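Inspection log for the structure reproduced underneath, given as structure tokens.
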There are 2 protein chains.
Amino acid sequence: MSTARTPTIRDVAARAGVSKSLVSLVLRGDPGVSEARRTAVSRAIDELGYRTNRVAQALGTRRSNAVGVLLNDLRNPWFVDLLTGLTATLETVGLSTVLVDSATTRRVGGSPVDKLLQQQVDGIVVVGTTEDDEELRRAATLVPIVLAGTYEPAGLGSDVVVNDDVDGATAATEHCIELGHTSVTHLRGPGHVGELREQGYRGAMSRAGLTPVVVPGGMSEESGYAAARRALAATDRPTAVVAYNDLAAIGALSAAHDLDLRVPEDVSIVGYDNTYLATIRHLSLTSVDNGTMAIGLQAARWLSERIDGGVRTGRVHRVPASLVVRRTTSAPPRS
Amino acid sequence: MSTARTPTIRDVAARAGVSKSLVSLVLRGDPGVSEARRTAVSRAIDELGYRTNRVAQALGTRRSNAVGVLLNDLRNPWFVDLLTGLTATLETVGLSTVLVDSATTRRVGGSPVDKLLQQQVDGIVVVGTTEDDEELRRAATLVPIVLAGTYEPAGLGSDVVVNDDVDGATAATEHCIELGHTSVTHLRGPGHVGELREQGYRGAMSRAGLTPVVVPGGMSEESGYAAARRALAATDRPTAVVAYNDLAAIGALSAAHDLDLRVPEDVSIVGYDNTYLATIRHLSLTSVDNGTMAIGLQAARWLSERIDGGVRTGRVHRVPASLVVRRTTSAPPRS
DNA sequence: CTGTTAGCGCTTTCAT
DNA sequence: ATGAAAGCGCTAACAG
């Protein structure tokens, strides 16, 4: 397609009548360059429409200025929301992001983490619970890793940026209890995050003298649907459901619908993550806001810090969680 | 972080007792390499944990084996659905994808297209209507471009992969008409795609002898909400709404809800794109399936074809559209 | 079949 | 303040 060869730093140098190195200095905004040369070079750059070749740059500096973002399922809106804060912050410090949907990549063969390393990413942020623990372990010896919204893989000395899952789940559960619910079921999710949320739920229940009921589920809508369907079909069905995340909660919403249970009149449902799905007025899901933006921002900060600093200790940043009450929760039906 | 220097092809060569080039040949699976050498090299590779440096490779071959994917808003589930088919297909031919959310990138300064070119992508696929026409024009002289789900920018000789928008919108509209609706409003979206869908709507309306009513909207939930709110608040409000896409339709759903109109009893709503949002049982949106997967697949095929072939003519692939009836449409209320 | 020799476009000492 | 030269890790002719 190219009309001519695309101009290189060498062409610019020739045109400006200077050396390659000088151009490089100007490009990098080095202060010790005479004004005359600087403008000459800048002119040449404009005239030729020069664009720096990041690939060559990366090879030379052994710095790609790219970070890998590993996530599980782009269809989970929480990931997408987080991505916004994450990439925006990374961009501002000159880092671009290489997104890898680990499920998709793995399916067509090839380890997602390996792919990132081959591309010489300067660091990796793992978003949410993924299934690449083994490879991440190895990767951690090569590049800094920060975990966003997950604790796994643990023990790598990576930084961890999460919300207060115990707190959030507690708030969700207590909200139901305060509304008068005594039969509240929890749809548990995967990973340590799943455990913490379960823990929050259990704590709230036992403090209220209620019996916890936990149903294992997943992080997708389907799994939420399946789990909720089972729970709600029972004769002693709960009057409230605290789900692992919004997706699962929406699955629960569907399950309720299919069983002819009205929400919130017959059954209350609480999600987690406060994604835009929850805000869709037509769903209007009560959900726990886990500070998605703040998480993305902090993860980006810490990663870039590690990339050009030498931070070695694993830090944990815990963003507060807060409940957002919408229209899927209310007092239980009087039986 | 690195324990030692990460091994290069040179280290492998030394360890296997051969030359760099021989290793390169083995890596590339060249048939003309003696079995003995091949195994020796493979062993060395394993032992050292060698990983090819794609950056160096790209510089040498002037082929990054990466394609840029330009899109507008990751929160639009259609993009995400399309991405699945697209990246999966690209991976199978050895191309990785560099995702760029053009809105985000632009916000933090810097042209998304330029960024891609600097990274030496071998091609670009534009997903949906974006706002980078000018830059894409320039980029088109450098790398092949294929448009997926959009016609813009036009006249670049790019391939275009779309669904049959006129047909789809016609089907959506006729569905309403057949249900008995006589007052059907269309929420128009942006770009040529928006025009085509409007055209399909208008055609169906006039063939049925009905008066078309078109309200300008956007492609987001908010804009759909705003547009629908206006339309449905009128005294002569429509009994059916054909939206530009699912997101807008969901906005319309919310608007109806806010106005105490039941869906579908008081007002029917049809979306477009048949995203997973439409399939959420609790929304259960009647929507036009535009063959998202097929579009992604074809776009990937054509792009890779252009990258290593020399196809020059702009081709158009039009995937058939089909209506999926769910629970947001029914006969109009008898007035 | 295998090794040698140049680069790819940029950065980076090190002189000047 | 500026230039020359030596790489970064890989591929690509070209010899042998």
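For the numbers below, each heavy atom of this structure counts, side chains included, while hydrogens, waters and symmetry mates do not. Not measured: the values here are computed from a predicted model. Numbers restart at 1 for each chain; the letters A, B, ... are given by sequence-line order, proteins then strands.
The nearest pair of heavy atoms linking B/Val127 to B/Trp78 is CG1-CZ3, 4.2 Å. Pairing each heavy atom of A/Asp159 with each of A/Thr313, the nearest pair is OD1-O, 3.4 Å.
Side-chain N/O atoms of B/Thr61 and base N/O atoms of D/dA12 include no donor-acceptor pair closer than 3.5 Å. No hydrogens or angles were tested; on distance alone, a donor-acceptor pair under 3.5 Å links the side chain of B/Lys20 to the base of D/dT11. At a cut-off of 3.5 angstrom, counting only N and O atoms as typed in the model, there is no donor on one side facing an acceptor on the other between the side-chain of B/Ser34 and the base of C/dT2.
Following rounding to the nearest Å, B/Asn53 (CG) and D/dT11 (P) show an atom-to-atom distance of 9 Å. Distance A/Arg37 CZ to D/dA1 P: 12 Å, rounded to the nearest Å. Regarding B/Ile9, its CD1 atom lies at a distance of 14 Å from the C1' atom of D/dC8, rounded to whole Å. When the C1' atom of C/dC10 is taken as reference, atom CZ of A/Arg28 falls 9 Å away, rounded to whole Å. Summarising the geometry, the separation between OH on B/Tyr50 and C1' on D/dG9 is reported as 8 Å, rounded to the nearest angstrom. The distance from atom CD of B/Gln120 to atom C1' of D/dC10 is 16 Å, rounded to the nearest whole Å. Separating the CD atom of A/Gln57 from the P atom of C/dC8 is a distance of 18 Å, rounded to the nearest angstrom. C/dG7 atom P lies 12 Å from atom CZ of B/Arg62, rounded to whole Å.
Within the structure, every side-chain polar atom (N or O) of A/Thr8 is placed at least 4.0 Å from both OP1 and OP2 of C/dG9.
Taking the nucleotide of DNA chain C with the nearest heavy atom to each of B/Pro31 and B/Ala56, the more 5' of the two is matched to B/Pro31. Nearer to the 5' terminus of DNA chain C, by closest-nucleotide assignment, is the contact made by B/Glu35 (compared with the other of B/Glu35 and A/Pro7).
With distances taken from any side-chain atom of A/Val18 to the nucleotides C/dC10, D/dG3, C/dG3, the minimum falls on D/dG3. For B/Ser24, whose side chain is taken as the heavy atoms from C-beta onward, the closest listed nucleotide among D/dT11, D/dA5, C/dT2 is D/dT11.
Between B/Asp30 and B/Arg28 there is no salt bridge, since no side-chain nitrogen of the basic residue lies less than 4.0 Å from a carboxylate oxygen of the acidic one.
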Worksheet item: Stepwise, does the side chain to side chain contact (heavy atoms under 4.5 Å, CB included) test hold for A/Val143 with A/Leu117?
Response: CA-CA 9 Å; A/Val143 295; A/Leu117 292 176; 4.2 Å; yes

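Among the heavy atoms of the strands lying under 4.0 Å from B/Leu59 is at least one base atom, whether or not backbone atoms are also near.
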